[in-house]
Amino acid sequence: MKDITKEIEIAAAEAVKAIYQADIPTGDFLVTSTKKEHKGDYTLVTFAISKALRQPPPQIAAAIGEYIQRTRSWVSGTEVLQGFLNISLSTAYWNEVLVDMQGNPDFWKPSQPREKVLVEFSSPNTNKPLHLGHIRNILLGWSMSKIFLACGHEVNKVQIVNDRGIAICKSMLAWQKFGEGITPEKAGIKSDHFVGEWYVRFEKEFSAEYKLWQETDDAKAHYSKRKETEQSEQDFFKAYKNVYFNTYSDLGKEARELLLKWEYHDHDTIALWKKMNGWVYAGFEDTYKSLGVSFDKLYYESETYLLGKDLIEDGLKRGVFYKKDDGSVWVDLTDAGLDHKLLLRSDGTSVYMTQDLGTAQKRYDEFGAERMVYVVADEQNYHFQALFAIMAKLGAPYAPGLHHLSYGMVDLPEGKMKSREGTVVDADDLMADVVEEARVAAKDREMTDPEIIRRIGMAALKFFIIKVDPRKRMTFDPKASVDLQGQTGPYIQNAYVRVQSILRRAGEVSGSYEGYELNEDEKLLLNMLGQCRHIVDSAAREYSPALIANYAFTLAKEYHRYYHEVKVLQAETEQAKFFRLILIKLIGDILAQSMDLLGIEMPERM
RNA sequence: GGCUCCAUAGCUCAACAGGAUAGAGCAACGGUUUUCUAAACCGUAGGUUCCAGGUUCGAACCCUGGUGGAGUCACCA
């Protein structure tokens, strides 16, 4: 299909050469779509080239305009406003665009050189159910995967499950001590929530124990000896909690012993660990299913946490890393503007970074990933900078293809989500709420189909989250997220449903739109459809599904307006009717395709 | 404290590479339905783009300095 922006650039370069005998590369021309309030479809901005040509912008614009109108059949008119050359395109051009789109169902897909792309997202801990923060993560990861796929890449969706460590041991211990063999089935609780409750139980018991200890003379002695100046007793004990856990706490000791047993592969401990993690996985599976996402491969931290040591050895041998006297291994990243980073503890055990190095290598070996995208919240920006810098130092072939899709945390209107204050929004509860809200709204409209209601509710939730630029921190207002009107998922669904409704009534149609003069709205809509591939292309390059969300909304908005402007089935002429049926079919398709890229499903009626 | 990111209408968000008069939605107010489904459309009102300088034909965007907020700076993950 013709890339009209490119065509205009070429024509302008040609004009400049013919008129001013000057060579200006096509890339130096700035072509944008014309602002709505002005006449025209595309605009050439001439300020930037004015210096090179030593002519005032309006004169250049006029000269180029005259030239391209004379030499290009697809130009129907031009208009100069200051340094802006507004170009109107001919009916023949628009007809050609329509024919091209009709003949090629993939016209909206950008073409990028095929790559093997790995996208890591979700990556939960196994001691708690998924929450609102995970939802943003998952929607971003899922959507990026779909976008890469649409760009022609080979995509592998993976998550790394943090299934080991002290956290799950806390849940295990609490269940062991107080659970009396109860199971999720017996308790009638979704299994991942069940495990989460034992984690909470542990924290509760531990806090009680800590509180008691604070009353002892031993504790008071610590406070008076180690408090910093002006630190209140309360602040001191808050800050001291971890130290207490690791040195004095009985529960802490038991939990650490459990972790140790796990590391020594103690039979009973492993069995318990498997049982509780199994519960969690079953619960996660449900949540993923509700969200409509899936993974190609799961990595478990219990299987990867020892990886990476050989890379460290190799790096040491090659002098990329260095060893301190105590035996710990470090890397100097000051030349990358970072710090010195620990890679192996003095006792030879690995840290998070070691594991990540090893996992990346493993993925490269297994999948040949040329690009690896990590969807991880922005609190880990520094970690990924360091990780990538180390990869580059090691000269890993995949180092240039590493990318951290860093997204901002999700806040509530009242502020940060805090597990301690119980303000964390649970993923399952949230989905149930939005679907329930959709059900209530559907009642007035005499609509009861549960699948349609589910799609509407989920669209509201997903769109509310994915429309925001990933890099920015966002505020999640539960009330606003269930809105079904305005800038929402259901608004876009409604536009699609309106298209389907007309198409259903129209039935099988044949005819011709030969000679039909399309109006300004139709040109705008057609042009917007043509933009889709650029939007998808940008979304992939900028790692931002939000671009597609905003595009889909704008398209839906234009369509809703158009819907009120013109009649399709009772159009003035047969040509008009035929043309419009084709146009709205394409609009419906693109709305559905772009929403699909966001992981949002369309209902056929609503 | 060092480094990084953010600040746009009352609220939630846009603004393509530095381009024309900074746009949507929500909330408020007023209108549109014998209709291809009103989860829609049209209109009114709402702005010192945090502040002060600078760069240029042109700045929400780039530079400098400030203010406010967030994150991070572990032999945690």
Side-chain angles (χ1 to χ4, degrees), chain A residues 27 30 32-38 43 45 47-48 50-51 56-57 81-84 86 125 162 165-167 242 301 305 324 326-330 337-339 342-347 349-353 355-356 377-383 385 406 408-409 411 413 416 438 441-442 444-445 447 456 460 464 467-469 471-477 479-481 483-495 497-499 501-506 531 534-535 538 542 546-547 549-550 553-554 556-557 559-571 580 584 605-606:
Chain A
L30 178 64
T32 63
S33 35
T34 304
K35 288 249 164 193
K36 236 176 168 177
E37 57 267 32
H38 298 294
T43 296
V45 187
F47 293 96
S50 141
K51 212 170 246 170
L81 263 139
Q82 299 158 49
F84 300 96
N86 296 331
N125 292 321
N162 299 302
I166 195 71
N242 263 332
E301 202 191 56
Y305 81 111
K324 281 192 180 173
D326 63 6
S328 57
V329 178
W330 295 74
L338 303 169
D339 225 327
L342 177 85
L343 295 174
L344 276 184
R345 294 193 185 98
S346 47
D347 63 5
T349 57
S350 43
V351 290
Y352 187 38
M353 187 65 80
Q355 185 188 148
D356 269 5
D378 62 8
E379 59 188 346
Q380 292 195 38
N381 282 354
Y382 187 82
H383 171 76
Q385 276 178 36
S406 162
M409 304 283 229
D411 289 325
K416 286 188 71 165
D444 310 333
R445 310 166 60 88
M447 222 266 302
I456 294 171
F464 187 82
K467 73 174 181 188
V468 181
D469 184 340
R471 289 169 303 200
K472 291 193 179 167
R473 224 183 154 88
M474 68 171 286
T475 305
F476 183 87
D477 182 349
K479 278 210 274 298
S481 72
D483 271 353
L484 309 175
Q485 277 142 17
Q487 195 177 28
T488 66
Y491 174 94
I492 300 168
Q493 290 178 322
N494 185 231
V497 163
R498 284 181 146 177
V499 169
S501 166
I502 295 175
L503 293 179
R504 265 197 305 272
R505 279 165 187 266
Q531 299 294 341
H534 297 294
I535 301 289
S538 303
E542 293 170 36
L547 296 178
N550 287 315
F553 171 70
T554 312
K557 191 173 152 57
Y559 175 69
H560 275 307
R561 208 167 57 78
Y562 179 65
Y563 178 89
H564 281 267
E565 281 305 310
V566 306
K567 296 263 175 288
V568 176
L569 295 176
Q570 281 93 47
R580 285 171 189 169
I584 67 166
R605 304 163 193 271
M606 63 194 285

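Reminder, nothing fancy here: chain letters follow the sequence lines and each chain counts from 1.
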Open item on the list: Both A:Q385 and A:R504 contact RNA chain B. Which one's nearest nucleotide lies toward the 5' end?
Closed with: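 Here A:Q385 is the residue nearer the 5' end.
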Open item on the list: Please classify the nucleic acid contact of A:R498 as base, sugar-phosphate, or nothing, using heavy-atom distances under 4.0 Å.
Closed with: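 Counting heavy atoms under 4.0 Å across all strands, the contact made by A:R498 is with sugar-phosphate only.
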TODO: Indicate, with a heavy-atom threshold strictly under 4.0 Å, whether A:I166 touches base, sugar-phosphate, or nothing.
DONE: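 Counting heavy atoms under 4.0 Å across all strands, no contact is made by A:I166.
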- [ ] Report, as a single string ordered 5' to 3', how protein heavy atoms within less than 4.0 Å touch nucleotides 13-25 of chain B: B base, S sugar-phosphate only, - not at all.
- [x] SSS-B-BB---BS
Task: Base-pair map of RNA chain B as dot-bracket, where | denotes pairing with a different strand and pairs are Watson-Crick or G-U under 3.5 Å - done: (((((((..((((.....[...)))).(((((.......))))).....(((((..]....))))))))))))....
Using the side chain to side chain contact (heavy atoms under 4.5 Å, CB included) criterion, which residues pair with [X]? Sequence neighbours excluded.
X: A:V351; answer: A:L342, A:R345, A:M353, A:T354
X: A:T488; answer: A:D483, A:P490, A:Y491
X: A:V499; answer: A:L503, A:Y559, A:I584

Return the polar atom pairs (N/O with N/O) between nucleotides 74-77 of chain B and the protein under 3.5 Å, or none.
residue : atom : partner : partner atom : Å
B:C75   : O3'  : A:R345  : NE           : 3.2
B:C75   : O2   : A:S346  : N            : 3.2
B:C75   : O2   : A:S346  : OG           : 3.3
B:C75   : N3   : A:S346  : OG           : 3.0
B:C75   : N4   : A:D326  : OD2          : 2.1
B:C76   : OP2  : A:R345  : NE           : 2.5
B:C76   : OP2  : A:R345  : NH2          : 2.2
B:A77   : OP2  : A:Y352  : N            : 3.3
B:A77   : O3'  : A:E301  : OE2          : 2.8

What pairs with [X] under side chain to side chain donor-acceptor pair (under 3.5 Å), at least two apart in sequence or on another chain?
X: A:S328; answer: A:D326, A:W330
X: A:D378; answer: none
X: A:S346; answer: none
X: A:K36; answer: A:E558

- [ ] Check whether the side chains of A:T34 and A:T43 place a donor and an acceptor atom closer than 3.5 Å, and report yes or no.
- [x]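 Side chains of A:T34 and A:T43: pair found under 3.5 Å.
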Under 3.5 Å, which protein N or O atoms sit close to an N or O of nucleotides 59-62 of chain B? Give each pair with its distance.
none

Polar pairs (N or O, both sides) under 3.5 Å between protein and nucleotides 43-47 of chain B?
none

Open item on the list: Contact between A:Y352 and A:H383 at the side-chain level, heavy atoms closer than 4.5 Å - yes or no?
Closed with: yes
